[in-house]
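Bear in mind that the values here come from a model prediction, so they are computed numbers and not experimental data. Values below: every heavy atom of this structure, side chains too, minus hydrogens, waters and symmetry copies.
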Amino acid sequence: MELTADQKAAIADTVNALHAASWDAWRAADVDKGLSYFLNSPDTWWAEQGQVWQGYADIESAFRAATPAGLSRYNITISDSRTLVLGADAAAVLQHGVFSATDSAGTTNPEQSFVMSATWVRRDGQWKVLYRRESLPVPAADSIR
């Protein structure tokens with residue numbers, strides 16, 4: 001069944017609000033809350049910088065291992081965001097932004113540019129991330145040693 005423009009707009013609004021809330025969880029360095037936006041399924045995938053984790057359990061383990069001790073917050077600014085409604089129960093989000101991390105002593109590392117894509121699906125009446133990918137720019141050739 002073809003979705004109307006109003007139906008697509010309503011789905012996009014819902015997914016955009018959830019996606020924004022998920023960023024707020026990561027900004028607060030709340031791993032539990034951030035992970036709550038992912039579909040708890042062996043079919044869920046995360047890809048970043050040439051690494052792929054399949055299944056919620058592996059994704060959770062990777063996030064917990066990668067979260068630095070003493071992390072206070074992530075500083076995340078989204079500069080471009082696009083949402084494509086794929087159907088009544090699926091939408092894709094593509095974003096570009098910058099992030100940095102601040103530790104409990106107040107030290108903030110340099111900002112890093114990134115792009116992110118996420119596929120949201122509605123399962124059992126709830127919207128969750130099924131697939132997410134993030135990438136950082138490739139370092140300049142002269143900076144690789």
Quick one: list whatever passes side-chain hydrogen bond (donor to acceptor under 3.5 Å, both in side chains) with [X], sequence neighbours left out.
| X | result |
| --- | --- |
| Ser22 | none |
| Trp26 | none |
| Ser100 | Asn75 |
| Gln54 | none |

Identify the two heavy atoms, one from [X] and one from [Y], that lie closest to each other, and give their separation to 0.1 Å.
| X | Y | answer |
| --- | --- | --- |
| Ser72 | Ser104 | CB-N, 3.9 Å |
| Ala25 | Gly34 | CB-N, 3.6 Å |
| Ala90 | Trp127 | N-CH2, 3.6 Å |
| Ile11 | Ala91 | CG2-CB, 4.5 Å |
| Asn109 | Ala101 | OD1-N, 2.7 Å |

Under the salt bridge (charged side-chain N to carboxylate O under 4.0 Å, His left out) rule, collect the residues that match up with [X], sequence neighbours excluded.
| X | value |
| --- | --- |
| Arg73 | none |
| Asp124 | none |
| Glu134 | Arg132 |
| Arg27 | Asp24 |

Give every residue pair that meets the salt bridge (Lys or Arg N to Asp or Glu O under 4.0 Å) criterion with at least one member in residues 105-122, sequence neighbours excluded.
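Pairs touching residues 105-122 that pass the test: Asp89-Arg122.
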ring-ring contact (aromatic ring centres under 6.0 Å, His included) between Trp46 and Phe63, intermediate numbers included
CA-CA 10 Å; Trp46 170 275; Phe63 269 110; 4.8 Å; yes
Start with the C-alpha distance between Val129 and Thr119, add both sets of side-chain angles, then the distance that settles side-chain contact (heavy atoms from CB on, under 4.5 Å), and finish with yes or no.
CA-CA 6 Å; Val129 173; Thr119 302; over 6 Å; no
Start with the C-alpha gap between Ile78 and Trp23, add the side-chain angles, then the distance that decides, and say whether side-chain contact (heavy atoms from CB on, under 4.5 Å) holds.
CA-CA 10 Å; Ile78 303 301; Trp23 278 130; 3.7 Å; yes
In Å and rounded to the nearest 0.5 Å, what is the [atom1] to [atom2] distance from [X] to [Y]?
| X | Y | atom1 | atom2 | result |
| --- | --- | --- | --- | --- |
| Phe114 | Gln112 | CZ | CD | 10.0 Å |
| Ser117 | Gln95 | OG | CD | 10.0 Å |
| His96 | Ser113 | NE2 | OG | 3.0 Å |
| Leu94 | Met116 | CG | CE | 7.0 Å |

Backbone N or O of Ala10 within a donor-acceptor pair of the Thr14 side chain at under 3.5 Å?
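Confirmed, Thr14 side chain pairs with Ala10 backbone.
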Any donor-acceptor pair under 3.5 Å linking the side chain of Gln7 with the backbone of Thr4?
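Judged by distance alone, yes, a pair lies under 3.5 Å.
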Is atom CZ of Arg82 surrounded by more than 12 heavy atoms (other residues, nucleotides or ligands) closer than 6.0 Å?
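Count not over threshold, so no.
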Find out if a path of hydrophobic residues (ILVMFWY) with successive side-chain heavy-atom gaps under 4.5 Å connects Leu86 to Val121.
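They do not share one cluster, since no chain of ILVMFWY contacts under 4.5 Å joins Leu86 to Val121.
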Could you state whether Ile76 and Leu136 fall into the same hydrophobic cluster, counting links through intermediate Ile, Leu, Val, Met, Phe, Trp or Tyr residues with side-chain heavy atoms under 4.5 angstrom apart?
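Yes; tracing contacts between hydrophobic side chains, which count when under 4.5 Å, links both residues.
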Residues sharing Trp45's hydrophobic cluster, by side-chain heavy-atom contacts under 4.5 Å among ILVMFWY, directly or via others?
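Trp45 clusters with Val52, Tyr131.
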side-chain contact (heavy atoms from CB on, under 4.5 Å) between Arg64 and Asp32: does it pass, once the steps are laid out?
CA-CA 9 Å; Arg64 292 196 189 286; Asp32 292 329; 2.4 Å; yes
Just list the side-chain donor-acceptor pairs under 3.5 Å for residues 35-42, sequence neighbours left out, or say none.
unit_1 : atom_1 : unit_2 : atom_2 : d
Ser36  : OG     : Lys33  : O      : 2.6
Ser41  : OG     : Asp43  : N      : 2.9

Tell me every residue that passes ring-ring contact (aromatic ring centres under 6.0 Å, His included) with Tyr56, counting only those two or more places apart in sequence or in another chain.
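For Tyr56 there are no ring-ring contact (aromatic ring centres under 6.0 Å, His included) partners, ignoring immediate neighbours.
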Give the C-alpha distance, both sets of side-chain angles, the deciding distance and a yes or no for side-chain contact (heavy atoms from CB on, under 4.5 Å) between Val93 and Val15.
CA-CA 8 Å; Val93 176; Val15 168; 3.7 Å; yes
